[in-house]
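To start, the structure under review is shown below, and the notes come after it.
Read the numbers this way: they start at 1 and go in the same order the structure lists the ligands and their atoms.
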Amino acid sequence: MPLTLAVEFIEPGVRLITLQRPQALNALTTQLLGELADELNAAQSDHNTHAVVITGSAKAFAAGADINEMAERNLVGILDDPRQASWQTLTRFSKPLIAAVNGFALGGGCELAMHADIIIAGEDARFGQPEINLGIMPGAGGTQRLLRAVGKSMAMQMVLTGEPISARQAQRSGLVSEVTQPEFTVERALHIAHSIATKAPLAVRLAKEALLKAMDTDLASGLRLERHAFTLLAGTRDRDEGIRAFQEKRRPAFTGE
Ligand code: CAA
C-alpha cells in the first residue's frame, strides 16, 4: 500500500510531516494513523529533531476519520483498536508539535490538530466536529480538548450542531494562535518550529510539560510542578550557557545538557 504521508527534514532540527491522501481529503485511516505514530516515535528518539510540523493539503488538513473504513469496522472493541495506540503516541509526544492547517480540519482532523501544541491556520481553514451528523460523537479528545481550548459555549455549539467554525473564529476563541494567508501557513509554522528548535531542549520539554499540566490540574499542583521543573533547569549547562551568552552579547549554543 502506498505511504499516506511524507516526511522532510528541514534544517536544523525540524521535521515536516505532510498527510497525503488527497483522494479522501486526508481522512484518517488506521494505516495513516499508524504511519503518523511511527514517524512521531522516530522524531521522539532522534536527538537532532527538536520540533515537528504536521500539515495536510491546500484543501484539507484532514476531513476526519475515514468514514468508509468506519463503515467496515465495529468500534465496540475500541480498546483493541490499533488507532487508539496511535492516538496515544500523539498524546505522549513530548517534543513541540505544530499544526499548519489549511482547508478542512474536521472530526478526527480537528482532534489531530488539537494534539498539536500550536495551531497556525490559513484564512480558509474550517475547524469542526461533525460526528453528530453521523449519529456519533467525537472520540479522540474532541469534547475534552476542544472545551479547554474554546470554552463551553463554543464547544457545545460545535459538537452539538456539527457546524464548523472559520479560522478567524477559531483564532478569536483561542483554538489557533495565528491566521495566515493559506500559501504561507506551512512557512510560518516552520519558522516558529525553527525558532523553538534553537532553544535549550530541556527547557522546551519541561515548559511544554508544565503548560500541558495546567489544562488538567489544580493551580497548587501546577505551581508545584513548575517550581520543580524550574529548579531542575537551574542545574543545567544550557542555563549557564544562556546567561553567559546574554552577558557576552552572543547567541547561545545550547547542547541539551
Ligand atoms: N472519510 C472518507 N472519505 C472522505 C471523508 C472522510 N471523512 N471526507 C471526504 N471524503 C472523500 C469523499 O467521499 C470524496 O470521495 P469521492 O471523490 O470518492 O466521492 C472525496 O473525499 C472528496 O470529498 P467531497 O467530494 O465530499 O468534497 P466536498 O468539498 O464536497 O466536501 C467535506 C468536503 C465537507 C469535508 C465533506 O467531504 C465531508 O463532509 N466529509 C466528512 C467529514 C466528517 O464527517 N468527518 C468526521 C468523520 S468521523 C470522525 O472523525 C470520528 C473520529 O475521528 C473519532
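Scanning the protein heavy atoms around atom 10 (N) of ligand 1, the nearest turns out to be Ala24 O, 3.8 Å. In this structure, the protein non-hydrogen atom closest to atom 9 (C) of ligand 1 is Leu25 CD1, 3.8 Å. Counting only heavy atoms of the protein, atom 39 (O) of ligand 1 lies nearest to Leu106 CD1, 4.8 Å.
By the definition of a contact as any protein heavy atom under 4.0 Å away, atom 13 (O) of ligand 1 is not in contact. The protein reaches atom 48 (S) of ligand 1 closely, with a heavy atom under 4.0 angstrom from it. Distance remark: protein heavy atom not present below 4.0 angstrom from atom 26 (O) of ligand 1. For atom 30 (O) of ligand 1, the nearest protein heavy atom lies 4.0 Å away or farther. For atom 42 (C) of ligand 1, the nearest protein heavy atom lies under 4.0 Å away. Put simply, atom 21 (O) of ligand 1 has protein non-hydrogen atoms near it, under 4.0 Å away. There is no protein heavy atom less than 4.0 angstrom from atom 18 (O) of ligand 1.
Remark: the Thr30 side chain and the Glu69 side chain contain an N/O donor-acceptor pair separated by less than 3.5 Å.
Atom numbering of ligand 1 starts at 1 in the shown order; those under 4.0 Å from a heavy atom of Gly108 are 49 (C), 50 (O), 53 (O). Listed by number with element, the atoms of ligand 1 under 4.0 angstrom from any heavy atom of Gln23 are 15 (O), 20 (C), 21 (O). Within ligand 1, counting atoms from 1 as listed, the ones closer than 4.0 Å to a heavy atom of Gly139 are 54 (C). Each of the following atoms of ligand 1 lies closer than 4.0 Å to a heavy atom of Lys59: 27 (O), 28 (P), 29 (O).
The closest approach between a heavy atom of Glu69 and any atom of ligand 1 is not below 4.0 Å. In this structure, Glu111 has a heavy atom closer than 4.0 Å to ligand 1. Ligand 1 has no atom lying under 4.0 Å from any heavy atom of Pro138.
Among Pro22, Gly64, Ala27, Pro130, the residue whose heavy atom sits closest to atom 6 (C) of ligand 1 is Ala27. By heavy-atom distance, the residue among Ala63, Gly141, Ala60, Gly107 lying nearest atom 45 (N) of ligand 1 is Ala63.
By the criterion of side-chain heavy atoms lying less than 4.5 angstrom apart, applied directly or through intervening Ile, Leu, Val, Met, Phe, Trp or Tyr residues, Ile98 is not grouped with Leu5; the two fall into different hydrophobic clusters. Both Val101 and Leu90 sit in one connected hydrophobic cluster of ILVMFWY residues. Membership requires side-chain heavy atoms under 4.5 Å apart, directly or through other members. Placement of Leu28 and Met114 within a single hydrophobic cluster is found when ILVMFWY residues are connected by side-chain heavy-atom separations under 4.5 Å, directly or transitively. Connection of Val150 to Ile118 is not established within any shared hydrophobic cluster, with ILVMFWY side chains joined at heavy-atom distances below 4.5 Å, either directly or through further cluster members.
Note that CZ of Arg224 and CG of Asp218 are 7.0 Å apart. Values are rounded to the nearest 0.5 Å. Atom NZ of residue Lys95 and atom NE2 of residue His50 lie 7.0 Å apart, to the nearest 0.5 angstrom. Between the CE atom of Met137 and the CD1 atom of Ile132 there is a distance of 8.0 Å, given to the nearest 0.5 Å. Here the CH2-CG distance, from Trp87 to Leu36, works out to 8.5 Å after rounding to the nearest 0.5 Å.
Evaluation of the side chain to side chain contact (heavy atoms under 4.5 Å, CB included) rule for Arg239 yields Thr236, Ile243 as partners, not counting sequence neighbours. Taking His115 as the reference, Thr91, Arg145 meet the side chain to side chain donor-acceptor pair (under 3.5 Å) condition, with sequence neighbours excluded.
Side-chain atoms of Glu8 never come within 3.5 Å of backbone atoms of Ile17 as a donor-acceptor pair (strictly under, hydrogens ignored).
Between Trp87 and ligand 1, no pair of N/O atoms sits closer than 3.5 Å. Ligand 1 has no N or O atom lying under 3.5 Å from any N or O atom of Leu134, backbone or side chain. Residue contacts with ligand 1: Ile67 is placed with a nitrogen or oxygen under 3.5 Å of a nitrogen or oxygen of the ligand (distance criterion only).
Asp238 has its side chain out of reach of Asp240: every pair of non-hydrogen atoms, C-beta onward, lies at least 4.5 Å apart.
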